[in-house]
Novice: 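Structure in structure tokens, see below.
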Amino acid sequence: MTDTMTEADPATRPRRAESLHGRPATSDRRREPSPRRRPTLPRLSPRHWLVAAVVGLLLLFGAALAYLTADPSGREVGLDRLSELAGAGAVEKATFLDEDARVVVTTAGGEQFWVAYPASDSATSALLQELTASGAQVSVDAQPGKAVTRIVATGLLPLMVLAALFGLFFVGGRDGGASDIRGFGTLGKRGGGRATPPAVTFADVAGADEAVTELREVVEYLNDPGRYAALGANPPKGVLLFGPPGTGKTLIARATAGEAGVPFFSVAGAEFVESLVGVGAARIRDLFASVRAVAPAIVFIDELDAAGRRRGGAETGGSEEREQTLNQLLVELDGFAASAGIVVMGATNRPDILDPALLRPGRFDRHVTVDQPDRAGREKILQVHSRGKPLAADVDLAVVARRTPGFTGADLANVVNEATLLAIREGRSLIGMPDLVEAIERVLGGPQRRGRILGDEVRRRIAVHEAGHAVVAGAMGQEVHRVSVVSRGSGLGTVGLAGGEEAVLLTAAELADRITVAMSGRAAEEILLGSASTGSEDDLARATEIAREMVLRHGMSPTVGRVRLTGSAADVFLGGQAATGELSQDLRRRVESETARLLDAGFERAADVLLAHRAVVEGLVSVLLAEESLEGSALERHLQAVVPTT
Ligand SMILES: Nc1ncnc2c1ncn2[C@@H]1O[C@H](COP(=O)(O)OP(=O)(O)OP(=O)(O)O)[C@@H](O)[C@H]1O
Ligand SMILES: [Zn+2]
């Protein structure tokens, strides 16, 4: 059981999650500015190469023609005029341009003109002799450059243009075999995929161990799809990656393909939503046709929410198109067999707005959370990105990691990049610590980051809240396997508790414990910080729900009695609204006060534990502020003093 300090919709929580946490008063992380796209050089497909070749060849052809037809200097005169001048000894210089079939003549007076070769070769040699005899300085230029150019321009170039055009039609005429450059031609034609698997592997992904572990199954499946089919096992057909922008969802999907050695098709959800009805659906059909041709393969749909938005909303324009697109996507997802070896991975940071039909079994039924990295994760990411970069001896990546809480993988890649640029700009061959520090400032100052970073005070409050949950849960004998103040999905911090959720029966004492654990974050804030915050809203909602059910459903309140209050009024009550009618005024009051009493009791118990172990809580808070997350034996050591001995 994971207890997530969630601030968002239930849909954003990992399945089987129990939430003990709350939302900050104002921010809504889901409305974050859309993810930055790092500019990358487009990969050229054969099709693009061919287009480039045709254009290039045509340009060459034009240049050659211009060269060949360029006029020699001077005006043209007749042969007889030349003979006249030669006879008078007035020709100073005569050049026979063989390729142009012209004679360029300079007179004693410095005048320049040209004469076309006579009609026959013999006449031309006669002219040559005549000019030589006249005392003119005569030369013959065979113009080898022009000769070659003429052959190329009139023979070879047109042939090459024709060949390239032919290739273009051939490549363009079938699916696949193209790249994933966005916005060029139709999706079907460019296919989105490359037959060669990406070069990135899990080794290039750092600080996302949980996600990587879950995706190993996908790799295994792609390595041998037939085995899944033979065993009748449920293959990982659709995987939904969710997490904040820049946490490496695209990278992880690409690395999964690289690890499995299969082609990777990448498209953006928005590409399927056109204004023309039916175009998006046709693109999806084309895409999957190309994927089937090269399977096993991975299809990655970035920003899945753009195409997979909940249907039937009151939207203006484009909704019919969106519906058709979504339906086609569902048809494709249902259409391929377990042995097909096709895995569709979707990424979103708004799982709450996805159409529920997309999340059904057999579709996007595997959910992988891609978290913001914690301190250790950030250090590993920094290591990955500074691989092969010249770091000065004073650089300590652990220190950089400590200084960058809240930074995503993309932010950290940016930091290393900026630091490199700084060093280059100043003509240094090594990247120093000052460069990295300056780079952190620059990335922090960027427009994307400013809203996302949490102030020290808020971080401390989150740490206090989470430490409170952890210590109280530990004291209640629950197994706490992880505490973290790193935002997870849309949450602020988390406490991972083992077991519990699947219990068949729960005793009144166990329910009371749950209320106590839920109230403990709030209690810690009040005790250690002297005030409450909005961060406990979800915790309170949970605790209240449990308390109401104890009173109304399970007859666990002495004052209300061992009774199951049924009927619509009680259900309304359970739904959190004031009951009307059916429950008597008196009974209603008793239900209310019993609920409040159970909640108060839970709070008091939590507060008692926290007061008794205040030093443990404070110790945990400072470790959390430094390390950001704590698990395994390190966490065990911290909670040792509070865990009851059995
Ligand atoms: N865990 C990580 N390990 C190493 N590098 C990372 C990691 N996360 C992000 N990066 C770096 O940040 C870049 C951007 O990440 P990516 O585009 O994969 O994020 P994303 O979650 O898909 O974001 P978006 O929501 O913006 O699409 C990656 O190409 C990589 O360089
Ligand atoms: Zn909480």
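Each ligand, and each atom within it, is numbered from 1 in the order the structure gives. Residue indices begin at 1 and follow the sequence shown.
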Novice: Among Ala211, Ala347, Gly409, which residue places a heavy atom closest to atom 9 (C) of ligand 1?
Specialist: Gly409
Novice: So, the side chain of Ser386 versus the backbone of Lys389: is there a donor-acceptor pair under 3.5 Å, distance only?
Specialist: no
Novice: Among the heavy atoms of Asp204, does any lie under 4.0 Å from an atom of ligand 1?
Specialist: yes
Novice: Are any of the side-chain heavy atoms of Arg542 and Asp538 separated by less than 4.5 Å?
Specialist: no
Novice: For the pair Glu259 (side chain) and Phe202 (backbone), establish whether a donor and an acceptor sit closer than 3.5 Å, ignoring hydrogens and angles.
Specialist: yes
Novice: Is Gly207 in contact with ligand 1, taking contact as a heavy-atom separation below 4.0 Å?
Specialist: no
Novice: Pick, from Asn414, Leu412, Leu251, the option with the minimum heavy-atom distance to atom 18 (O) of ligand 1.
Specialist: Leu251
Novice: At a non-hydrogen distance cut-off of under 4.0 Å, which region of Asp302 contacts ligand 1 (side chain, backbone, both, or neither)?
Specialist: side chain
Novice: Side-chain polar contacts of residues 610-626 - donor-acceptor pairs under 3.5 angstrom, sequence neighbours left out - could you list them?
Specialist:
from, atom 1, to, atom 2, distance (Å)
Arg614, NE, Glu618, OE2, 3.4
Ser622, OG, Glu618, O, 3.2
Ser622, OG, Gly619, O, 3.0

Novice: Are any of the N/O atoms on Ile381, whether in the backbone or the side chain, positioned under 3.5 angstrom from an N/O atom of ligand 1?
Specialist: no
Novice: May I ask whether Gly246 places a heavy atom under 4.0 Å from ligand 1?
Specialist: yes
Novice: I need the NE2(His469)-the Zn ion (ligand 2)-NE2(His465) angle, rounded to 10 degrees.
Specialist: 100°
Novice: Below the 3.5 angstrom mark, is there an N/O of His385, backbone or side chain, next to an N/O of ligand 1?
Specialist: yes
Novice: Test Pro405 against every option in Gln372, Arg375, Arg378 by the side chain to side chain contact (heavy atoms under 4.5 Å, CB included) rule and name the one that passes.
Specialist: Arg378
Novice: Once salt bridge (charged side-chain N to carboxylate O under 4.0 Å, His left out) is applied, do any residues pair with Glu214, and if so which ones, sequence neighbours excluded?
Specialist: none
Novice: Would the distance check show the side chain of Asp371 and the main-chain N or O of Pro373 forming a donor-acceptor pair, the cut-off being under 3.5 Å?
Specialist: no
Novice: What atoms of ligand 1 come closer than 4.0 angstrom to any heavy atom of Ala410?
Specialist: 9 (C), 10 (N), 11 (C), 12 (O), 14 (C)
Novice: Do ligand 1 and Ala208 have nitrogen or oxygen atoms that lie under 3.5 Å from each other?
Specialist: no
Novice: Indicate, as side chain, backbone, both or neither, the part of Thr247 found under 4.0 angstrom from ligand 1 when only non-hydrogen atoms are considered.
Specialist: both
Novice: Any idea how Phe242 and His367 line up, ring-wise: parallel (<30°), tilted (30 to 60°), or perpendicular (>60°)?
Specialist: perpendicular
